[in-house]
Q: 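This is the structure I have questions about; it appears just below.
Chain letters run A, B, ... following the sequence lines, proteins first and then strands; every chain starts at 1. Only heavy atoms go into these numbers, but all of them, side chains included; no hydrogens, no water, no symmetry mates. Note that the structure is a prediction, hence the values are computed from the model and not measured.
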Number of protein chains: 2
Amino acid sequence: MPTIKDVAKLAGVSIATVSNTLNGGRYVSPPLRSAVLSAVRSLGYVPNGVARSLRRRHTQTLGFLVPDITNPFFSGLVKAVERAARKQGYQVLLSSSEENPELEFDLTLALASRQVDGLIAVPTGDSTEYLEHLGLPVVLLDRIGRSESLDRIGVNNAQAAQTGTEYLLAQGHRRILLLVSTLELANIRERVEGYRRALEAAHLPYHPEWVVACGREANSVEAAITAIQTHRPTALFAATNRLSLIAVRAIRHLRLAFPEEISLLGFDDFEWSTLLEPYLTTVVQPLEAMGSTALELLLARIKDNDHPPQTLLLPCELAVRQSVARA
Amino acid sequence: MPTIKDVAKLAGVSIATVSNTLNGGRYVSPPLRSAVLSAVRSLGYVPNGVARSLRRRHTQTLGFLVPDITNPFFSGLVKAVERAARKQGYQVLLSSSEENPELEFDLTLALASRQVDGLIAVPTGDSTEYLEHLGLPVVLLDRIGRSESLDRIGVNNAQAAQTGTEYLLAQGHRRILLLVSTLELANIRERVEGYRRALEAAHLPYHPEWVVACGREANSVEAAITAIQTHRPTALFAATNRLSLIAVRAIRHLRLAFPEEISLLGFDDFEWSTLLEPYLTTVVQPLEAMGSTALELLLARIKDNDHPPQTLLLPCELAVRQSVARA
DNA sequence: ATGAAAGCGCTAACAT
DNA sequence: ATGTTAGCGCTTTCAT
């Protein structure tokens, strides 16, 4: 690979002139300028970004840490963040922690060592403490934990779940099972809280057993099946996209008429859900806005670290389609 | 951010000793070693990977270029590649070209400028020429084009499509529509070829009109609907995961009994396809093997660039489920 | 308007 | 067994 020296030699100028014509640092006379340009072309010179970053002391690069690139919710977020970053002249280094906290930690360190200018993180758990002492601008996205010292972009989970539950209630459902992955995630706990609030507002009892923890594995459908058999709900509220899948499998396993005998409300919208018939009614999260707002906050913090951390909770919407019938 | 100098000063040693205890380069006596380690801890020192890479002249980093991170086929590939890379001590920089050749080119240059040690690419089109002159080890994955000078890992598309078609034929189907995105992709053309070969082997006519180009957008269902109406097939072969979605929508739009009146065979398996009932029978590509083999070839080429390029075509399997009925 | 040279933080060759 | 130093490729200050 040719270096700036090779270009300078071939063009018969100093390396400073090469640098300046390429970066527009200072005026370069047309003759030298074109000599440089043609040398660049003929050598196929590409500036060494590593050397450049070392010297400039920033990389124009952001880290983005997600739990699972394979989940359409996160890959949607990735797309949104990348697009927004690109517009601002930043590249993003994506790391997938596979929901593994140790791997997450290692990846974060790797990102930091790569000298990313900032980091957007969707942590695997709610233990975000180490992110606060990273010495790097960090914004938490989606799983925003309880950190008061970091910028955070999330969604009003309680509100969204309450709205969803209220819709189910309005359709006449009284026995509603809430399918959750794990209560370890604050997001999930908040959704439970929203569900509970909707029930209370309607003066209906809240049954803790109706909140069914199905685990984080895609194939753990047994818990859902058992819960449906014992509690005989008329509607299921799946707190996560994966849980919609589990709900569907359980419904089929039990040969229930869908949505006549049992309705389903999902959380997180995703393209492939249209394979399901009837079309899935879901609470939809504003992926695009979440991504672009996270980027804004991060860029603001990179530019100036001397302002108090912000927390933004974006609203969700309910997309009414076909999977919820009147009870 | 503290540097190696700060650590050396605090530990009362030379920077060489810091470097050596951290990298295990040469023997460091226990007392100095522990002095360094505690200085590292108390400063929260993280080595500057940019400086390290500049000096070492490699980055232990691989680039991976995919057309669309949002497509489960590619995100599956990403997972496989990342896992394999991690095992070998490499990090991967993921870039999503969004099926845009110009963006792809820019991203590739950005990757090169970041000094990745090698690149795995799933190009947007078949124009891979610029990749051959990157001056960087490159392996082509999935969309392997016709480059003879690069290592390539693909799948035997023709064979796979032929097997799929033969299965449809064996189930008694004679009017089989092949749904494709665009004939611009060599992969797709090969799948058409496999379909044609299966027909010929069965002494059945090949109707070019039965190969329906639906475009690359997810919502272009009209072409499929029209084709089904005019050709009255008993089976659909969707050449791509997105096309399964389109096929399903078309089937529903026409209110055909599925799979009794019309069968569906997919290509590319993906988790969310289980939302579909009956479960989708598909040709499945060996994602894990594709990813890990691509990585192996790339690492081999990084280690030693003086061997002829290889092309490996991996076999696909047919996962028989429920969406194909007997005709 | 351009060149020379310092230095970003690190590793490795050279010294002792 | 450890310290000193050159230099990776670039940007930028200083000099002319």
Q: In Å, rounded to the nearest 0.5 Å, how long is the span from OG1 of B/T61 to CG of B/L111?
A: 9.5 Å
Q: For the residue pair A/Y130 / A/T108, report whether a side-chain donor-acceptor contact shorter than 3.5 Å exists.
A: yes
Q: Under a 4.0 Å threshold between the charged nitrogen and the carboxylate oxygen, would A/R242 count as salt-bridged to A/D268?
A: no
Q: Could you list all N or O pairs between the protein and nucleotides 12-16 of chain C that sit under 3.5 Å apart?
A:
residue	atom	partner	partner atom	Å
C/dA12	O4'	B/R55	NH2	3.4

Q: If you assign A/G12 and B/P47 each to the DNA chain C nucleotide with the nearest heavy atom, which residue ends up on the more 5' nucleotide?
A: A/G12
Q: If we only count heavy atoms from C-beta on, is the B/F74 to B/V122 side-chain gap below 4.5 Å?
A: yes
Q: Please name all residues satisfying side-chain contact (heavy atoms from CB on, under 4.5 Å) with B/D6, sequence neighbours left out, ordered by chain then number.
A: B/P2, B/T3, B/L43
Q: Does a side-chain N or O of B/R57 approach OP1 or OP2 of D/dC8 to a distance below 4.0 Å, or not?
A: no
Q: Hey, are the side chains of B/V138 and B/E132 touching, using non-hydrogen atoms and a 4.5 Å cut-off?
A: no
Q: Round to the nearest Å and state the distance from A/L43 atom CG to D/dG9 atom C1'.
A: 15 Å
Q: Check the phosphate of C/dC10 against B/S53, side-chain N and O only, distance under 4.0 Å to OP1 or OP2. Yes or no?
A: no
Q: Give me the residues of residues 1-11 of chain B where at least one heavy atom lies under 4.0 Å from an atom of DNA chain C, by number, or none.
A: B/T3, B/I4
Q: Nearest 0.5 Å, what's the CG-CG distance between A/L65 and A/L141?
A: 11.0 Å
Q: Do we see a donor-acceptor contact under 3.5 Å between the side chains of A/Q60 and A/D117?
A: no
Q: NE2 of A/H58 versus P of D/dT11: gap in Å, rounded?
A: 11 Å
Q: Pick base, sugar-phosphate or nothing for B/V50, based on heavy-atom distances below 4.0 Å to the nucleic acid.
A: nothing
Q: Can you measure A/Q60 atom CD to D/dC10 atom P for me and round it to whole angstrom units?
A: 17 Å
Q: Tell me every residue that passes side-chain contact (heavy atoms from CB on, under 4.5 Å) with A/P309, counting only those two or more places apart in sequence or in another chain.
A: A/D151, A/R301
Q: To the nearest 10°, let me know how far the axis at one end of the helix from C/dA1-D/dT16 to C/dT16-D/dA1 is tilted from the axis at the other, five pairs an end.
A: 50°
Q: I need the B/S113 OG to A/Q91 CD distance, nearest 0.5 Å.
A: 7.5 Å
Q: Expressed in angstrom and rounded to an integer, what is the separation of B/L54 atom CG from D/dT11 atom P?
A: 12 Å
Q: In whole Å, I'd like the distance from the CZ atom of A/R33 to the P atom of C/dA1.
A: 13 Å
Q: For A/R55, give me all partners under side-chain contact (heavy atoms from CB on, under 4.5 Å), at least two apart in sequence or on another chain.
A: none
